[in-house]
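Every heavy atom of this structure was used, including side-chain atoms; hydrogens, water molecules and symmetry mates were not. Here is how names work: the chains are called A, B, and so on, in the same order as the sequence lines, proteins then strands, and each is numbered from 1.
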Amino acid sequence: MSKALPKRSENYSEWYNEIVKRADLAENSAVRGCMVIKPYGFAIWEKMQRGLDDMFKATGHQNAYFPLFVPKSFLEKEEEHAEGFAKECAVVTHYRLKKNPDGPGLIVDPAAKLEEELIVRPTSEAIIWNAYRGWIQSWRDLPILVNQWANIVRWEMRTRIFLRTAEFLWQEGHTAHATKEEAVEETERMLGVYADFAENWIALPVIRGYKSPAERFAGAEETYCIEAMMQDGKALQCGTSHFLGQNFAKAFDVKFVNKENELEHPWATSWGVSTRLMGALIMAHSDDNGLVLPPKLAPIQVVIVPIHRSPEDLAEITAVVDPIVEKLKAAGVSVKYDDSDNQRSGWKFAEYELKGVPVRLALGKRDLEAGTIEVARRDTLTKESRPLEGIVEHVQELMSEIQANIYAKAAKFREEHTFRVDTWDEFVERIEEGAFLLAHWDGTAETEENIKEQTKATIRCIPLDAPHEEGKCILTGNPSHRRVVFARAY
RNA sequence: CGGGGCGUAGCACAGCCUGGUAGUGCGCACGGUUUGGGACCGUGAGGCCGCAAGUUCGAAUCUUGCCGCCCCGACCA
């Protein structure tokens, strides 16, 4: 194994794949397009889950669980939805195997054919709204604010670990409301939760916006999203929140009696983020030395490495380190004291850098004599020697400083790669460099499609805060009232 | 589904063209010397050479078929 990672500037996707592999986050599995998430990677995902779940609970949601399988007849009910997902469904047709009568191994038992095929959920609107029919009778039953953590399957033609896998983990919120206003408000609230999480936990600045009709979720009336920029200037959709109108209520015949004793269909939302966020985390912050983790998501926030020659030296160092470890733990900092003797300190330094541990403390004989400790920051790759006194407080401060710095760095990068463009030539040139382009669009699907064909750039979103501004469409010159965000995307 | 690449030790690969004792590096085990940014020496363990059929006295190597994975496109969170 070569020591150095590939460089971002030379081969971005190879760099990404190597980080995933070498930082022990995940690996490809024996099953095409499906990944194995390894313990270190899963620990990060668990931190994301915890952070998000707390936010869902704080906004009044409860967790529940629905089946992995969706009867085909359910998926068919909402027509647009069915059409959107039909091309990427895994289908269960049989429920039994038997010994192969003509040779070794097992075969599918033809006698065990299912009367109706079961679809492995690509998303759960259908199975959930079928259940909601039984849950909702009166306006008093609303709103229903439910979330589920689950795995789903979308049979993608081409997969990339974390960014697009055939099976992935996510959460999907599914809510039902008595009024349209309330449902829209919920859709926007959850977009806000996602943006908050992205910015304050992943340290990833995002653009809040809504999708053009062409990019909308199949079956939604409006799709809101958060979009982030990766270090190659490409966009990654990090979360979506859909206003579903009454489409699913109608398709599944869900009705409630309002206060005036009239029958109505409830209004729906759904919203989700997935293990793709792991990909966002990696691609947004990491460098040519490896992963860079924001402290809030780092499974190990501080690693302490002893530098010693003899077991006696180590014992002396450990005596000084132990109380520091205790104090850091008491302060809520997750810390690892790596006193293993199978690797040398230099090896450990490189290893924890690769794994993105935000702060490294190193303590050797020289420090013992001087009453100091070496503090190294992963985000800036700087080191300094500090007095032992007050080190716990200093580390605590560093946690928030690093969190803020990583965010600022990503925000600066995005700013430097975002341009307002008004001519087609500049558009074509800039998009090639990797950038977000704020440009006018005439609002038609034809133009959107033409731009995509010519440049591979898509409309990432129409920003919620886009000011009204008269202009001319970047391609057709037709009138436009605001700028939208164009970029190439993952 | 189209184009390209690759399947040989835990990992990365050489050997294949020109058939004849299965190799190198890393990792692993043990011993020693080392230790402030990925140490070194010695000894050792570890292989149905992706699967199947064929050619041959003999196949990792030649032929055919199959399977799998990765990368680039079309599709997508």
Side-chain angles (χ1 to χ4, degrees), chain A residues 1-5 11-14 16-18 21-22 24 27-35 84-89 103-105 122-123 151-172 194 211 214-218 220 223 225-228 235-242 270-280 289-290 305-311 313-314 317 341-354 360-370 372-374 376 381 383 385 452-453 456 458 460 489-490:
Chain A
M1 181 168 88
S2 68
K3 283 179 196 167
L5 278 170
N11 189 337
Y12 195 79
S13 67
E14 199 189 328
Y16 173 82
N17 287 335
E18 281 298 309
K21 200 189 299 177
R22 296 221 213 145
D24 240 356
E27 62 191 25
N28 283 305
S29 71
V31 183
R32 193 205 85 103
C34 297
M35 63 182 161
F85 284 102
K87 290 170 295 183
E88 49 189 38
C89 287
T123 179
N151 59 335
I152 60 177
V153 169
R154 295 183 187 175
W155 211 267
E156 300 290 349
M157 299 181 198
R158 199 178 145 224
T159 59
R160 287 195 72 188
I161 220 159
F162 285 128
L163 298 175
R164 185 174 305 103
T165 43
E167 180 195 17
F168 57 96
L169 306 184
W170 78 345
Q171 59 67 218
E172 45 182 328
Y194 287 157
K211 289 288 187 189
E215 299 271 334
R216 214 175 261 159
F217 177 77
T223 287
C225 63
I226 52 172
E227 294 282 332
L236 184 69
Q237 178 176 307
C238 292
T240 47
S241 184
H242 314 291
S270 69
W271 28 273
V273 296
S274 72
T275 35
R276 172 178 266 196
L277 288 180
M278 295 286 294
N289 290 332
V305 177
I307 298 163
H308 62 282
R309 294 201 164 91
S310 63
D313 289 354
L314 180 61
I317 291 165
D341 62 356
N342 54 344
Q343 297 297 352
R344 310 192 339 158
S345 48
W347 190 92
K348 292 178 188 173
F349 292 171
E351 179 68 9
Y352 291 109
E353 250 160 44
L354 185 59
R360 181 184 74 234
L361 303 177
L363 200 76
K365 267 247 90 83
R366 291 207 305 250
D367 293 295
L368 288 185
E369 283 154 19
T372 57
I373 190 161
E374 186 183 83
L381 290 170
K383 317 189 268 199
S385 187
K452 185 178 176 183
E453 256 172 44
K456 291 186 204 160
T458 51
R460 297 323 303 153
Y490 278 96

Which whole-number value in Å describes the distance from [X] [atom1] to [N] [atom2]?
X: A:Asp341; N: B:U34; atom1: CG; atom2: P; result: 16 Å
X: A:Arg22; N: B:C11; atom1: CZ; atom2: P; result: 16 Å
X: A:Lys348; N: B:A39; atom1: NZ; atom2: P; result: 12 Å
X: A:Ile161; N: B:C69; atom1: CD1; atom2: P; result: 13 Å
X: A:Gln343; N: B:G37; atom1: CD; atom2: C1'; result: 13 Å
X: A:Trp347; N: B:G36; atom1: CH2; atom2: P; result: 16 Å
X: A:Lys21; N: B:C70; atom1: NZ; atom2: P; result: 11 Å
X: A:Lys456; N: B:C75; atom1: NZ; atom2: P; result: 11 Å

**Prompt:** Partners of A:Glu27 by salt bridge (charged side-chain N to carboxylate O under 4.0 Å, His left out), sequence neighbours excluded?
**Reply:** A:Lys38
**Request:** Output all residues satisfying salt bridge (charged side-chain N to carboxylate O under 4.0 Å, His left out) with A:Glu374, sequence neighbours left out; order by chain, then residue number.
**Result:** none
**Asked** Who passes side-chain hydrogen bond (donor to acceptor under 3.5 Å, both in side chains) against A:Gln171, sequence neighbours left out?
**Response**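 Testing A:Gln171 for side-chain hydrogen bond (donor to acceptor under 3.5 Å, both in side chains), a comparison that skips the adjacent residues, returns A:Asn147, A:Tyr194.
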**Prompt:** For A:Phe85, which residues count as a ring pair (Phe, Tyr, Trp, His ring centres under 6.0 Å) partner, sequence neighbours excluded?
**Reply:**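 Partners of A:Phe85 under the ring pair (Phe, Tyr, Trp, His ring centres under 6.0 Å) test: A:His81, A:Phe217.
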**Prompt:** With sequence neighbours left out, what residues match A:Tyr16 under ring pair (Phe, Tyr, Trp, His ring centres under 6.0 Å)?
**Reply:** none
How is [X] classified with respect to the nucleic acid when contacts are heavy atoms under 4.0 Å: base, sugar-phosphate, or nothing?
X: A:Ser274; result: base
X: A:Leu163; result: base
X: A:Ser13; result: sugar-phosphate
X: A:Glu353; result: base
X: A:Phe168; result: base
X: A:Gln237; result: sugar-phosphate
X: A:Thr165; result: base
X: A:Arg360; result: base

Same-atom distance ([atom1]) from [N] to [M], integer angstrom:
N: B:G31; M: B:A14; atom1: C1'; result: 31 Å
N: B:G2; M: B:G23; atom1: C1'; result: 38 Å
N: B:A60; M: B:A52; atom1: P; result: 13 Å
N: B:C6; M: B:C41; atom1: C1'; result: 36 Å
N: B:G27; M: B:C69; atom1: P; result: 30 Å
N: B:G68; M: B:G38; atom1: P; result: 44 Å
N: B:A22; M: B:A9; atom1: P; result: 15 Å
N: B:C30; M: B:C71; atom1: P; result: 37 Å

Quick one: closest heavy-atom pair of [X] and [Y], and the distance?
X: A:Thr159; Y: A:Ala166; result: CG2-N, 3.9 Å
X: A:Ala362; Y: A:Ile307; result: CB-CD1, 3.9 Å
X: A:Gly239; Y: A:Val273; result: CA-CG1, 3.8 Å

At less than 4.0 Å, is any side-chain N or O atom of [X] found next to OP1 or OP2 of [N]? Yes or no.
X: A:Arg344; N: B:G36; result: yes
X: A:Asn17; N: B:C71; result: yes
X: A:Asn28; N: B:C70; result: yes

**Prompt:** Quick one: which of B:G37, B:C75, B:U35 gets closest to the side chain of A:Phe349?
**Reply:** B:G37
**Message:** Can you tell me which nucleotide in B:U35, B:A74, B:G38 comes closest to the side chain of A:Ala350?
**Reply:**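 Closest nucleotide to the A:Ala350 side chain: B:G38.
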**Prompt:** Salt bridge between A:Lys211 and A:Glu227, side-chain N to carboxylate O under 4.0 Å?
**Reply:**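 Yes, this pair counts.
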**Asked** Looking at the angle O4'-C1'-N9-C4 for a purine or O4'-C1'-N1-C2 for a pyrimidine, is B:U8 syn or anti, with syn meaning within 90° of 0?
**Response** anti
**Request:** Hey, which sits more toward the 5' end of RNA chain B by its nearest nucleotide, A:Gly346 or A:Asn342?
**Result:** A:Asn342
**Complete:** Taking for A:Phe162 and for A:Arg366 the nucleotide of RNA chain B with the nearest heavy atom, the one nearer the 5' end belongs to A:Arg366
**Item:** Reference residue A:Glu353; test salt bridge (Lys or Arg N to Asp or Glu O under 4.0 Å); the match among A:Arg360, A:Lys348, A:Lys383, A:Arg22
**Value:**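 Testing A:Glu353 for a salt bridge (Lys or Arg N to Asp or Glu O under 4.0 Å) against A:Arg360, A:Lys348, A:Lys383, A:Arg22 leaves exactly one candidate, A:Arg360.
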**Asked** Does A:Lys383 make a side-chain donor-acceptor contact with the base of B:G37, cut-off 3.5 Å?
**Response** yes
**Asked** If a stem is a run of at least 3 consecutive Watson-Crick or G-U pairs, both distances under 3.5 Å, which stems include RNA chain B?
**Response**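 For RNA chain B the paired stretches long enough to count as stems (3 pairs minimum) are B:1-7 with B:67-73, B:10-13 with B:23-26, B:28-33 with B:39-44, B:50-54 with B:62-66.
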